[in-house]
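Written out below as structure tokens is the structure these notes cover.
As the structure is a computational prediction, the values presented were derived from the model and not from experiment. Just so it is clear: chains get the letters A, B, ... in the order the sequence lines come, proteins before strands, and each one is counted from 1. Scope of the values below: all heavy atoms of this structure, side chains included, with no hydrogens, waters or symmetry mates.
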Amino acid sequence: AQSVTQPDIHITVSEGASLELRCNYSYGATPYLFWYVQSPGQGLQLLLKYFSGDTLVQGIKGFEAEFKRSQSSFNLRKPSVHWSDAAEYFCAPHQAGTALIFGKGTTLSVSS
Amino acid sequence: DSGVTQTPKHLITATGQRVTLRCSPRSGDLSVYWYQQSLDQGLQFLIQYYNGEERAKGNILERFSAQQFPDLHSELNLSSLELGDSALYFCASSVGGGGEQYFGPGTRLTVT
């Protein structure tokens with residue numbers, strides 16, 4: 001069965017420090033891969049997407065993600081976190097013809 | 001602003017009642033998706049419509065139904081409401097039948 005795992009429920013990072021949020025998926029074939037961010041009380045905003053090609057993709061707000069086929073992973077990174085990055089982050093694989101499946105999310109807190 | 005609009009923002013109603021949530025997709029998008037977000041279940045896909053036709057079904061209860069109209073806006077109808085239906089309901093849209101989805105701000109439903 002198709003599944004996605006975000007192993008970290010909650011992460012706290014100091015402002016200015018680097019960030020990596022993990023995402024692993026289990027699909028028969030490589031799906032499209034997305035990261036979304038949800039600020040409190042808000043809808044979900046698309047951060048970045050991977051369809052094919054270059055395995056390092058750039059997104060908005062200085063985020064990037066690296067697709068690793070051998071590890072079935074699509075980890076989200078940011079070199080220097082800002083207080084405004086505090087939010088919940090969702091990884092979402094998607095295979096054509098099926099529904100988008102969201103991970104349970106990782107809540108990011110930023111300490112000063 | 002994703003370009004997807006949802007009304008109302010908040011809805012408070014009693015058990016046993018029926019409500020209708022409305023969604024207008026981004027200009028040019030043919031697909032509309034409905035999701036339910038609750039603390040215990042996370043983000044759950046409910047249903048997808050593409051150009052007026054039902055395309056995919058997820059964990060949608062029989063008490064819930066949806067439709068997409070010729071102008072491509074969509075409505076989600078929730079009936080015989082129970083306390084457990086209290087959640088955030090999101091609508092998303094995409095250009096085609098798959099690919100990245102753009103989310104609306106959500107409707108917060110409270111059933112008392």
Side-chain angles (χ1 to χ4, degrees), chain A residues 1-10 21 23 25 27 29-53 57-61 63 65 67 74 76 87-107, chain B residues 1-10 21-26 29 31-50 53-60 66 87-110:
Chain A
Q2 299 168 339
S3 67
V4 56
T5 303
Q6 292 182 246
D8 305 305
I9 297 173
H10 192 182
L21 302 183
C23 172
Y25 61 89
Y27 275 66
T30 301
Y32 301 148
L33 293 157
F34 304 94
W35 274 99
Y36 285 85
V37 60
Q38 184 180 25
S39 297
Q42 305 291 316
L44 282 81
Q45 183 181 23
L46 180 65
L47 274 179
L48 46 75
K49 61 194 179 196
Y50 172 79
F51 287 172
S52 65
V57 294
Q58 302 297 319
I60 61 171
K61 304 185 181 192
F63 285 91
F67 167 65
F74 188 55
L76 182 71
E88 191 160 17
Y89 292 80
F90 294 93
C91 178
H94 172 57
Q95 196 136 55
T98 66
L100 200 63
I101 296 177
F102 284 89
K104 293 200 179 296
T106 298
T107 299
Chain B
D1 184 356
S2 67
V4 178
T5 60
Q6 288 186 249
T7 56
K9 271 192 108 150
H10 302 276
L21 313 184
R22 183 188 166 102
C23 167
S24 292
R26 293 187 319 159
D29 284 0
S31 270
V32 168
Y33 309 78
W34 286 98
Y35 293 86
Q36 180 194 59
Q37 186 180 37
S38 61
L39 278 174
D40 51 345
Q41 296 290 324
L43 258 168
Q44 298 277 316
F45 167 70
L46 296 178
I47 198 163
Q48 176 197 359
Y49 277 82
Y50 176 78
E53 302 279 330
E54 182 183 303
R55 173 64 72 95
K57 231 171 179 175
N59 300 321
I60 188 165
L88 259 172
Y89 291 85
F90 287 107
C91 165
S93 71
S94 68
V95 172
E100 65 258 44
Q101 296 175 24
Y102 293 88
F103 281 74
T107 293
R108 181 171 293 282
L109 174 66
T110 302

Heavy-atom neighbours of [X] [atom1] exceed 12 at 6.0 Å:
X: A:I60; atom1: CD1; answer: yes
X: A:Y27; atom1: OH; answer: yes
X: B:E53; atom1: CD; answer: no

Bottom line for B:Y33: the part with an atom under 4.5 Å from chain A's heavy atoms is neither

Are B:Q48 and B:E54 linked by a side-chain donor-acceptor pair shorter than 3.5 Å? no

One option among B:Q37, B:K57, B:Q44 has the most heavy-atom pairs under 4.5 Å with chain A, and it is B:Q37

In terms of heavy-atom pairs under 4.5 Å with chain A, the winner among B:E100, B:R108, B:R55 is B:E100

Honestly, the part of A:L46 sitting under 4.5 Å from a heavy atom of chain B is side chain

So, the part of A:Q38 with a heavy atom under 4.5 Å from chain B: the answer is side chain

Check against side chain to side chain donor-acceptor pair (under 3.5 Å), A:Y36 and A:E88: CA-CA 8 Å; A:Y36 285 85; A:E88 191 160 17; over 6 Å; no

